[in-house]
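The chains referred to below are lettered A, B, ... by the order of the sequence lines, with proteins before strands, and numbering in each begins at 1.
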Protein chains: 2
Amino acid sequence: MVTMKATIIAVAVDLFYRKGYFATSISEIARGCGIQKASIYYHYPSKENILYHIHETTLDDLTAHLRRTLSGLSDVEGRMRAAVRSHVRFHLMRQKETFIANSELRGLTPEHYAAVVAKRDTYEGTIQEIIRDGCAQGVFAGQDAKILSYAMLTLCNSGAVWFKPGGRLSVDAIARIYEQFVIQGLKAGGDGSPGSTCEGR
Amino acid sequence: MVTMKATIIAVAVDLFYRKGYFATSISEIARGCGIQKASIYYHYPSKENILYHIHETTLDDLTAHLRRTLSGLSDVEGRMRAAVRSHVRFHLMRQKETFIANSELRGLTPEHYAAVVAKRDTYEGTIQEIIRDGCAQGVFAGQDAKILSYAMLTLCNSGAVWFKPGGRLSVDAIARIYEQFVIQGLKAGGDGSPGSTCEGR
DNA sequence: GTCTATATTTTGATAGAC
DNA sequence: GTCTATCAAAATATAGAC
């Protein structure tokens, strides 16, 4: 049984992904659901609240996915490899939602914006911790854990921009390519630039 | 002497960057220019045309910048290093415009959208050529030039998301970090995954 | 080149019947 | 829980005076 509350989210996700949040109207969402626009407001108090709901559940699921993947892993390179695979897979499998979560922050109220950013910071913190551990152990050679975490995350998001389900490459194949790229990119280079310390702040 | 035509673009760039294209109104642009909204239409026929103009000049300048950087370089690793630095520097120095060029494609008419994508494809083609050359010479070890080019480009765009002029890191420092990351990521890994060929299509 | 005034549409959201 | 009807505000764009 599919509730109208869930249908509205599904239709909104599709429209926000294709047209963007501001370019999508409540009427369009209602049309996609087969109801009148006034009926939307029985389920959600505002258009912004629909967007916030998408952000919240996507981020919660993403965080839970990473936590589950990392549990039990202690080797630092193994943790980073697992983190990349987890992140990439989630972004490819829930392409539309993650695209929205990454690009439609500006539609949120200041309060909701703060809540979303706080959750995102927690997620990024987990990645930065792995990078710092790796640098401390000499496995990675970065100058700045924060910047490297942004680089790693943006890189792993990039598949979601062009990925087409059922296309030439499978989700796992793409995850492996990124895993290889990130691990190599983080590792110490023979011709490393001067000062390969890892302050990380 | 600064023309009103140029002022409108400057104000629009700032607003599109901060609020997004659809969330920005003609009235706001006019207010930022100190004129009435009707006066905007003397200089540009529509809001979409302002957006298109930003896309066009940004892409043209970006392409010219890369061409200038690569001219005279023949060594494949040197070409890739130069391409990364060129791309990163341009994206940091013209942060607002490149952000718009990367995220506001959906506001364009179908015709303008096609024109912009065609130009972007040309730029990406140059990068893919370097990757294919590097793979053919055994300098890089990628499985797919197209995907690796997307990875490289998205990665090099990422600085523009958080960069603040006058902040802790200089433009050149950031360019060096990305250069190192990309070169390492593209190079053959000792534990490389199976089948390190480079089909590239 | 910039103005005032306005036409036309559409928006997000509410009231109240059923 | 969905409907019809409607409000008030704001949007893009145009006409014509100066």
Tell me which residues in residues 37-45 of chain B lie within less than 4.0 Å of DNA chain D, going by non-hydrogen atoms.
K37(B), A38(B), Y41(B)

Face-on cation placement of K96(A) at F16(A) ring, 6.0 Å and 45° thresholds
no

Within this structure, what is the CG-to-P distance between N49(B) and dT12(D), rounded to whole angstrom?
14 Å

Whole angstroms only, please: what is the CD1-C1' distance between I8(B) and dG1(C)?
11 Å

Taking the six-membered ring for Trp, are Y17(A) and F99(A) parallel (under 30°), tilted (30 to 60°) or perpendicular (over 60°)?
perpendicular

Per the under-4.0 Å heavy-atom filter, residues of residues 19-33 of chain A near DNA chain D come out as none

For H53(A), enumerate each residue passing the side chain to side chain donor-acceptor pair (under 3.5 Å) test, keeping only those at least two apart in sequence or located in another chain.
none

Starting from C1' on dA11(D), measure out to NZ on K47(B) and report it in whole angstrom.
8 Å

Whole angstrom value for the distance that separates P of dA11(D) from CG of L15(B):
12 Å

Find the distance K5(A):NZ to dG1(D):P and express it as a whole number of Å.
10 Å

So H112(B) and Y52(B), would you call those rings parallel, tilted or perpendicular, with 30° and 60° as cut-offs?
parallel

Kindly indicate, with the supporting measurements, whether the criterion side-chain hydrogen bond (donor to acceptor under 3.5 Å, both in side chains) is fulfilled by S149(B) and Q128(B).
CA-CA 6 Å; S149(B) 74; Q128(B) 286 161 20; 3.1 Å; yes

When you measure from the side chain of S46(A), which nucleotide among dA13(C), dT12(D), dT2(C) comes out closest?
dA13(C)

Using whole Å, what does the distance between atom C1' of nucleotide dC3(D) and atom CD1 of I35(A) come to?
11 Å

Whether D172(B) and R85(B) form a salt bridge (side-chain N of Lys/Arg under 4.0 Å from carboxylate O of Asp/Glu) is what I want to check.
no

For the side chain of S39(B) and the backbone of I35(B), is there at least one donor-acceptor N/O pair under 3.5 Å apart?
no

With the side chain counted from C-beta on, respond yes when T98(B) and N157(B) share a heavy-atom pair under 4.5 Å apart, and no when they do not.
no

